[in-house]
Amino acid sequence: MKRRSFLQSAAALAATPALQSLLDSAAAQTPPAITPAPHRFPQDFVWGTATASYQVEGAFHEDGRGPSIWDTFSHTPGKTYQSQTADVADDFYHLYKHDIALMQRLGVKGFRFSIAWPRVFPQGTGTPNPKGLDFYKRLTDALLAAGIEPFCTLFHWDLPQALQDQGGWTNRATSHAFADYARYTVGQLSDRITQWMTTNEFDSFIDGGYGSADNAPGLKLPRRELAATRHNAVVAHGLAVQAIRAAATRPILVGLAEDVSGIMPAIADPAHIRAAEIAIREVNAPYTTVVLEGRYTDRYLATLGADAPHFTPDELKTISAPIDFFGLNCYTTQEVVPADTPDGYLIVPRPSTYPHMASDWLFLNPQALYWTPKFLSSIWGVKKIYITENGCSCDDVLRPDIRVLDTDRVLYLRNYLLQLQRGIAEGNPVAGYFLWSLLDNYEWGSGYSKRFGITYVDFQTETRTPKLSSDFYRNVIANNSVV
Ligand code: BG6
């Protein structure tokens with residue numbers, strides 16, 4: 001068939017409701033002559049999906065929840081896409097049982113979500129709000145009843161506004177308040193939840209919130225204050241690790257979720273790999289490197305000079321408190337080449353034709369899921385990794401006659417998972433994968449303009465419609481392999 005006439009007939013087919021039943025019955029038909037070899041995952045691999053409180057819950061005034069910095073930020077005109085807020089978002093606060101049914105349809109074994117700190121402590125500290133905590137009890141009870149293990153993040157950016165009024169993460173008191181909140185919450189919920197993460201993506205809530213002003217609270221601090229604020233955040237993580245271990249009422253596992261800035265060798269030869277090893281430690285110096293090594297790199301401190309953070313040996317010990325797993329949020333990576341520079345590498349600027357998904361930052365490079373876990377294991381000796389986020393934004397269109405056939409997202413997921421499997425087969429210690437995201441949701445500054453879900457959400461009606469990618473993921477999970 002000529003290219004043009006093929007496209008025409010495909011378009012005609014897509015326009016008919018018959019396509020849906022054709023898709024549904026395809027699986028039931030006789031086995032095809034061609035059966036691609038499956039790339040298998042380990043037997044006990046945890047397949048999951050991920051969300052975060054502010055992005056899905058809505059119910060922003062309900063049951064005593066206090067305001068967070070994201071309420072303030074999103075309600076300030078011009079801060080987010082079309083000044084959109086997450087006052088309602090996916091209304092997950094009320095529809096969570098429905099969404100657990102979606103998870104059961106997928107067959108996931110784990111669900112990563114976050115607790116909204118201002119639901120538990122409306123003022124950030126002081127008197128807890130039992131009604132806020134009750135929501136997470138109901139949620140985790142329902143997950144466990146559905147055979148889905150809860151993986152809980154304690155902080156995914158929705159800092160209580162009351163703490164921001166006292167400086168937020170610029171104030172060391174916030175690090176201690178975070179540990180207190182972690183202690184209380186884990187004491188209350190560790191009968192139900194054994195997998196805990198402290199913070200999600202330091203760089204996003206510190207550099208994005210206090211450096212570039214893209215995220216709440218929308219500040220642009222001078223370099224010295226920004227460096228001190230970063231330091232407060234990693235101290236908070238370390239204090240929380242200690243608090244979680246002390247408060248747990250039964251054995252639990254603690255980690256964090258980090259968007260390690262991905263670096264890979266442009267060419268997989270020894271010189272490029274060495275350059276990548278040097279680069280990944282340096283570009284992640286303020287966060288991953290200090291958390292895993294208990295030291296800031298010489299280059300980081302020298303670059304900051306007089307603006308470098310002040311720290312004590314005790315603080316470095318706290319920051320690098322041993323963790324049980326590393327949660328890796330992994331969307332993309334960037335190539336390095338060896339170069340005649342003081343550090344011996346060059347991060348290659350992306351050519352203008354480098355492909356990306358709907359978000360302009362989300363460059364397509366499946367090898368992120370091969371190299372980043374490999375470096376976590378080879379450089380820092382990490383023994384257990386969960387991919388706590390991976391997925392992509394696409395220009396999804398829900399047409400009245402058919403659902404979303406997001407072949408672009410399937411392309412992304414298939415190729416990333418193939419690289420993940422390739423790495424695991426070589427020994428990368430990855431124990432699970434949480435797809436971002438179960439639902440289209442409130443994508444921070446992008447509001448509802450970027451869709452990351454494998455389920456389409458109509459934000460007027462809250463109707464959920466699984467996309468083609470959700471069938472793809474269901475197949476991967478059912479077969480524990482990707483083809
Ligand atoms: C991660 C965050 O950075 O990426 C998620 O942990 C976020 O909360 C996701 O939704 C997509 O990023 P963004 O900035 O495009 O919304």
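One-based numbering, in listed order, for ligands and for the atoms of each.
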Atom pairs and distances, ligand 1 N/O vs protein N/O under 3.5 Å:
unit_1   : atom_1 : unit_2 : atom_2 : d
ligand 1 : 3 (O)  : Glu201 : OE1    : 2.6
ligand 1 : 3 (O)  : Glu201 : OE2    : 2.9
ligand 1 : 4 (O)  : Tyr331 : OH     : 3.4
ligand 1 : 6 (O)  : His156 : NE2    : 3.3
ligand 1 : 6 (O)  : Asn200 : ND2    : 2.9
ligand 1 : 6 (O)  : Glu201 : OE2    : 3.3
ligand 1 : 6 (O)  : Glu389 : OE1    : 3.0
ligand 1 : 6 (O)  : Glu389 : OE2    : 2.8
ligand 1 : 8 (O)  : Gln55  : OE1    : 2.7
ligand 1 : 8 (O)  : His156 : NE2    : 2.8
ligand 1 : 8 (O)  : Trp444 : NE1    : 2.9
ligand 1 : 10 (O) : Gln55  : NE2    : 2.9
ligand 1 : 10 (O) : Trp436 : NE1    : 3.4
ligand 1 : 10 (O) : Glu443 : OE1    : 2.5
ligand 1 : 15 (O) : Trp361 : NE1    : 3.2
ligand 1 : 16 (O) : Glu443 : OE1    : 2.4

Check: Parallel, tilted or perpendicular: which fits the ring planes of Tyr448 and Phe459, with parallel below 30° and perpendicular above 60°?
Finding: tilted
Item checked: Contact list for residues 431-441, test side-chain hydrogen bond (donor to acceptor under 3.5 Å, both in side chains), sequence neighbours left out -> Gln55-Asn441, Asn390-Tyr433, Trp436-Glu443, Ser437-Asn441, Asp440-Arg451, Asp440-Lys467
Check: Would Thr388 and Asn329 satisfy side chain to side chain donor-acceptor pair (under 3.5 Å), going step by step from the backbone distance to the final call?
Finding: CA-CA 5 Å; Thr388 36; Asn329 292 358; 2.7 Å; yes
Item checked: Distance-only polar pair, side chains of Arg105 and Ser470, donor-acceptor under 3.5 Å -> yes
Next item on the list: Mind jotting down which residue pairs meet the salt bridge (Lys or Arg N to Asp or Glu O under 4.0 Å) criterion with at least one end in residues 367-395? Sequence neighbours excluded, please.
Entry: Arg112-Glu389, Lys374-Glu426
Check: With sequence neighbours left out, what residues match Tyr296 under side chain to side chain donor-acceptor pair (under 3.5 Å)?
Finding: His231
